[in-house]
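One structure is given below, encoded as structure tokens.
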Amino acid sequence: MKTRELLNLGIPRGPLLKTAQIATAAAAAAGQNKRAIRASMLELMAQPQAYLNHMQFGELAAALRETLDVRARFDGRQDAAPFCRWGNDLEAGAIAQMENACRLPVAVCGALMPDAHQGYGLPIGGVLATRGTVIPFAVGMDIACRMKLTVLDLPLSLLEDRQEVLAAALERETAFGVGASFSQRKNHPVMDRDWSLTALTRRYRDKAWSQLGTSGSGNHFVEFGVLTLPEDDLGLAAGSYLALLSHSGSRGTGGLIAEHFSRIAQERHPELPRELQALAWLDLDSEAGQEYWWAMELMGAYAAANHALIHGDMARRLGAEVLLDVENHHNFAWKEELDGEEVIVHRKGATPAGAGVLGIIPGSMATAGYLVRGLGESSSLASASHGAGRKMSRKAARQTFTWQQARAFLAARNVRLLSAGLDEVPMAYKDIEEVMAAQAELVTPVARFDPRLVKMAAD
């Protein structure tokens, strides 16, 4: 059986997973087909004692029974940590994941944003404060995924009269998708940092460099649009401006780091029940915890460098000056003070929204996004949504919509799409206006961004 199949059955990562892989391989070698092996595994998971003397599964049954005994001694919080939530019709799965996270003995409190939907471990749109610990999968797979907006001193008429100039810049200065890279590597001071502080970052430095300045797949994008500022602010006069907006993170290197340290965390916490395994933590005073924290911060600098190159190269290609530059992380953990105590605040798909802090909350490829100013609401852990949020899964979107429908939606809003996946069509997302209304006590809109020319990873 494949590793993912074993994990889905509830086999935790670590020694038990290796034992399961050996046992199922032995059963296959003995002539059992996959269906029979799966049936045996399901029975074994329910009643390991019945398999203690089994030729292929006996060792696994003994190890599993020991693990179940350890889990039976799991000591979670007697009373779940409190969490507040914003928005209506949140996914039941996302709420359940937040409730599970608040059962962790290290949890202090949490918050669920109005764009929340089910993820892996902590829900996307979930915020969690812990004491002295960091949870890799509460940060997320795409460590330091972030937004960046620049306002350019170019005429808005370019979006209509000379759109091909902008389209050529997008095609030339961006690269999307799994493994995407440029034929000639780009350079940035982030690559001069000491990547050797952990064995993992040393090993993947070359991979990171090869993808420097690129964007990922899924909901990552680079797009030109119109930024409308209703009143003088941010050093700009009220009016409409041509702007560039991007969304991406730390590429494959960030994902490999997330997987590696989450595996270590899960191996160190075999007592966690199945529904909490993905929320295994690392103590910050441990070597692994310190290594993860350092690697996470390096990925933050690396993600920022990716955006800096995209925006800088785009501006140079167009001969433009930057009038305004705003950016923010999500999928990150911060050391912050809460009620006089230092806590670790994980924001997985959530925007920092401290008092006066600027952030960017996009909608979809054809709906508005907003430049916002945080209000510092303590019950949200000074956080807000990181976008409109999905209202259906990628699979459901592909099964529900057609490109004909999507093109009609885009045309009605004067948006030109250079490339994207069908799972990213705007109809798969929540209404950004409803999401913004639901978090009126968390952020104040400063300006509105309307996409006009969009590029994402192709199907």
Side-chain angles (χ1 to χ4, degrees), residues 81-88 90 94 98 101 108-117 119 122-130 138-140 142-149 219 227 229-230 233-234 245-247 249 296 300 303-304 307 324-339 341-363 368-389 429-449:
F83 76 92
C84 296
R85 68 191 197 192
W86 283 262
N88 302 313
L90 296 181
M98 198 71 227
V108 177
C109 59
L112 201 57
M113 300 298 101
D115 63 335
H117 53 97
L122 197 67
I124 297 162
V127 184
L128 184 69
T130 62
V139 169
D142 190 6
I143 300 173
C145 191
R146 66 193 276 115
M147 303 294 309
K148 184 176 177 71
L149 172 79
N219 63 352
L227 185 79
L229 189 67
D233 200 350
L234 308 171
L245 182 64
S246 59
H247 174 217
M296 179 192 71
H307 285 265
L324 175 68
D325 192 328
V326 179
E327 54 192 316
N328 67 262
H329 280 331
H330 43 259
N331 285 17
F332 211 68
W334 290 261
K335 294 178 180 178
E336 298 182 4
E337 187 173 300
L338 180 66
D339 297 330
E341 175 188 15
E342 183 183 84
V343 295
I344 307 304
V345 178
H346 305 72
R347 293 185 177 94
K348 184 177 181 181
T351 301
V357 173
L358 293 174
I360 304 158
I361 301 176
Y370 288 90
L371 176 58
V372 300
R373 187 173 278 119
L375 296 175
E377 173 58 40
S378 59
S379 60
S380 74
L381 292 165
S383 308
S385 80
H386 84 312
Y429 281 82
K430 296 179 182 179
D431 185 327
I432 184 63
E433 304 305 332
E434 292 180 1
V435 169
M436 294 303 297
Q439 57 186 349
E441 61 185 353
L442 308 183
V443 292
T444 298
V446 175
R448 172 185 172 117
F449 176 87

Go through the steps for Leu375 and Leu442 under the test side-chain contact (heavy atoms from CB on, under 4.5 Å), then give the verdict.
CA-CA 5 Å; Leu375 296 175; Leu442 308 183; 5.9 Å; no

Could you pull out all residues at least two apart from [X] that satisfy side chain to side chain contact (heavy atoms under 4.5 Å, CB included)?
X	value
Ile124	His117, Lys348, His386
Ala81	Arg77, Cys102, Ala107
Pro445	Tyr370, Met436

So do Leu234 and Leu358 actually touch side chain to side chain, heavy atoms under 4.5 Å?
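A side-chain contact exists here, since the closest heavy-atom pair is under 4.5 Å.
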
So, do Leu112 and Val127 sit near enough that their side-chain heavy atoms are less than 4.5 Å apart?
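Answer no - side chains too far apart.
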
Partners of [X] by side-chain hydrogen bond (donor to acceptor under 3.5 Å, both in side chains), sequence neighbours excluded?
X	result
Ser379	Glu377
Arg373	Asp233
His329	Arg146
Glu341	Arg131

Can you sort out the partners of His346 under ring-ring contact (aromatic ring centres under 6.0 Å, His included), two or more places apart, ordered by chain and number?
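Once residues adjacent in sequence are excluded, His346 has no partner under the ring-ring contact (aromatic ring centres under 6.0 Å, His included) criterion.
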
Output all residues satisfying ring-ring contact (aromatic ring centres under 6.0 Å, His included) with His247, sequence neighbours left out; order by chain, then residue number.
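If we apply the ring-ring contact (aromatic ring centres under 6.0 Å, His included) test to His247, skipping adjacent residues, the hits are His220, Phe221, His330.
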
Salt bridge (charged side-chain N to carboxylate O under 4.0 Å, His left out) contacts touching residues 430-441 (sequence neighbours left out)
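Salt bridge (charged side-chain N to carboxylate O under 4.0 Å, His left out) check on residues 430-441 returns Glu433-Arg448.
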
